[in-house]
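Notes to accompany the following structure.
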Amino acid sequence: MSGGHGGLLILSPQGRGGAEAVTREARGLKALVEKVSGLSARERRWLVGELSQTQRRTLDEYWPAWAHEGQEPPAGDWSTWLMLTGRGFGKTRAGAEWVSALARAHPEARIALVGATLDDARKVMVSGRSGVLAVARTGEAPRFAATEGIVRFPSGATAFLYSGACPEKLRGPEHHFAWCDEIAKWRHGEEAWDNLQLGLRLAPSGSGEPGRPRTLVTTTPKAAPLIRRLLATSAVTRGRTADNLNLPPGHVERMEAEYRGTRKGREELDGELIEDVEGALWTRALIEGSRQSGTLPRDFRRIVIGVDPPASAEGDACGIVACALGKDGIAYVLGDHSVRGLSPEGWAGQVVAAAAAWGADCVIVEKNQGGDMVASVLRTADPALPVRPVHARYGKGDRAEPVAMLFETGRAKLAGSFPELEDELCAMIRGGGYAGRGSPDRADAMVWALTELMLGVPRAVPRITQL
């Protein structure tokens, strides 16, 4: 370890010039942090031990050195920055640091801090663990007048608290900048947003700004009209909870173990915006309500594998879905084993493996999609595989309607989370349409399997008639 500790020892005490001097003299800290991260724990302890108290404080408080890529403002001449990410991504810290930096650079700034409620704005945006007061640097002492709902920065800049539930309070005031938190939760979102934007008409002065107002929006995704508006007009940052490496060890693993694949997990952890399609056979609420919460039956009456073969190796996926009929009379979707980009021999091997893994009674294959050829390929892969070709008299959407009814009446359930299959189901529209990309191969394979189990023509059962 040589070379003046990567430049750290040249930093002057913060008292000489305050926060501006710290920022000016710490421009190389980002590279230093990246270098330090590659050291062993013993080397890091040694290095930190060599620093003075002032140098340690400077390193700790210089936010650009620690921010991950998604927390940095996007480049370009934007008016609105939408940070649409999972929980724990670091949205609040990014918002508080952005506001604090603006307050340092623009002593005249009037900044709007808008939460879902005034209580949220106080407890999260201002006084929270990652709020504006917490990120203040040594020597800075923002004053928060809670009864007035005002934060006064040492530079002279002022921030005012508002609630997205009270849009009228935003009708008159003027601002240079605004930070809007959890906008998807605002009770009167569109009206509050419009009033805020109409009052965001003070032009900021100073270097580093485009000379016009800017807004940062930090929120987890929810299907709301205002979110759709912002997506079309904003610089967008997306990210997952797992992107924040500063979270406690094991937290992400615990959350993903509990919520992985569910709508809540995809929105709250992965930052996905999940919307229902108008006229869809399956809604997200129906999917979540059909998810099996308890233990599965120990044995089943029948298990089948539905297969929707691809037209070509380069085209759509080969849908391979395992379903079972329980002794309780309920059908369960057990597994989605669909694959993409394989040769006929490749996906046939996956079908055989799925049938063996579940102990399937038979494999259902659509004859219209080259069923005879498909059956031949499958039997080549395993001569003993029980293959049953079926003929499609209706389109995929029409075939799916009676199966959707099984879910609506509680006669079919999902024994797990199957995000890609669920996306296809929620894109199938009543009347035969499909709003998703490509073809709903997974959904169609599931439909064939559940039709065989629950909606097929009853087979004749031999009976003895007394003469």
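Side-chain contact check for Met428 versus Pro440: some heavy-atom pair is nearer than 4.5 Å. Looking at heavy atoms from C-beta onward, Phe177 lies out of side-chain contact with Val99 at the 4.5 angstrom threshold. Under the 4.5 Å side-chain criterion, counting only non-hydrogen atoms from C-beta, Trp358 is in contact with Ile303. Inter-residue side-chain proximity for Thr218 and Thr92 is flagged as unmet; no heavy-atom pair is nearer than 4.5 Å. Put simply, the side chain of Arg291 reaches to within 4.5 Å of the side chain of Ser417, judged on heavy atoms. The closest side-chain heavy-atom distance from Gln197 to His175 is not below 4.5 Å. The shortest side-chain heavy-atom distance between Val114 and Trp186 falls under the 4.5 Å cut-off. For the pair Thr451/Val403, a side-chain contact is recorded, criterion being any heavy-atom separation below 4.5 Å from C-beta on.
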Candidate pair Val333 and Leu421, rule side chain to side chain contact (heavy atoms under 4.5 Å, CB included), full reasoning: CA-CA 10 Å; Val333 179; Leu421 168 61; 4.1 Å; yes

Determine, stepwise, if the pair Cys318 / Leu342 fulfils side chain to side chain contact (heavy atoms under 4.5 Å, CB included). CA-CA 8 Å; Cys318 177; Leu342 297 185; over 6 Å; no

Between Leu161 and Ile150, does a side chain to side chain contact (heavy atoms under 4.5 Å, CB included) hold up when you go through it step by step? CA-CA 6 Å; Leu161 275 62; Ile150 299 176; over 6 Å; no

Please walk me through it: do Trp193 and Val217 pass side chain to side chain contact (heavy atoms under 4.5 Å, CB included)? CA-CA 11 Å; Trp193 174 261; Val217 178; 3.7 Å; yes

Take His337 and Phe418 through the test ring pair (Phe, Tyr, Trp, His ring centres under 6.0 Å) and record every step on the way to the result. CA-CA 10 Å; His337 305 277; Phe418 313 106; 8.7 Å; no

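Between Glu401 and Leu281, the closest heavy-atom pair is CG-CD2, 3.5 Å. Considering every non-hydrogen atom in both Gly115 and Ala121, the closest pair reads N-CB, 4.1 Å. Looking at every heavy atom in both residues, Phe153 comes nearest to Ala103 through CG-CB, 3.5 Å. Taking every heavy atom of both residues into account, Ala400 and Trp282 meet most closely at O-CH2, 3.8 Å. When all heavy atoms are compared, the tightest approach of Ala280 to Arg430 is O-NH2, 4.1 Å. Heavy atoms only, all atoms of each residue included: Gln71 and Met83 are closest at CA-CE, 4.2 Å.
Taken to the nearest 0.5 Å, the CD1 atom of Ile305 stands 8.5 Å off from the CD1 atom of Ile320. Atom CG of Leu334 sits about 12.0 Å away from atom CE of Met446, to the nearest 0.5 Å. A distance of 7.0 Å separates CD1 in Ile111 from CG in Leu113, rounded to the nearest 0.5 Å. With rounding to the nearest 0.5 Å, the separation of CG in Asp308 from CG in Asp441 is 5.0 Å.
Applying the side-chain contact (heavy atoms from CB on, under 4.5 Å) test between Leu414 and each of Gln292, Glu288, Glu422 identifies Glu422 as the sole match.
For Arg129, the CZ atom sits in a loose shell: 12 or fewer heavy atoms of surrounding residues, nucleotides or ligands are nearer than 6.0 Å. Heavy-atom contacts from other residues, nucleotides or ligands closer than 6.0 Å to NZ of Lys169 number 12 or fewer. Around CZ of Arg201, the count of heavy atoms belonging to other residues, nucleotides or ligands within 6.0 Å exceeds 12.
In the model, Asp336 has a side-chain atom that pairs as donor or acceptor with a side-chain atom of Ser338 under 3.5 Å. Side-chain polar atoms of Glu182 and Thr220 form a donor-acceptor pair below 3.5 angstrom. Counting only N and O atoms by type, the side chains of Trp81 and Ser234 include no donor and acceptor under 3.5 Å apart.
Between Asp423 and Arg284 there is a salt bridge, since a side-chain N of the basic residue sits under 4.0 Å from a carboxylate O of the acidic one. Taking a cutoff of 4.0 Å between a charged side-chain nitrogen and a carboxylate oxygen, Glu174 and Arg110 do not qualify as a salt bridge. In this structure, Lys91 does not pair ionically with Asp181, as no charged nitrogen and carboxylate oxygen lie closer than 4.0 Å. Under a 4.0 Å N-O distance rule, the pair Arg93/Glu97 qualifies as a salt bridge.
Side-chain N or O atoms of Glu424 include one that pairs as donor or acceptor with a backbone N or O of Ala443 at under 3.5 Å. Using a distance-only test at 3.5 Å, with no hydrogens or angles considered, a donor-acceptor pair links the side chain of Thr409 to the main chain of Met405. A donor-acceptor pair under 3.5 Å links the side-chain atoms of Arg301 to the main chain of Lys327, judged by distance alone. Looking only at distances, no side-chain donor or acceptor of Thr219 sits under 3.5 Å from a matching main-chain atom of Pro221.
When the side-chain hydrogen bond (donor to acceptor under 3.5 Å, both in side chains) test is applied to Arg229, the partners found at least two apart in sequence or on another chain are Glu190, Asp194.
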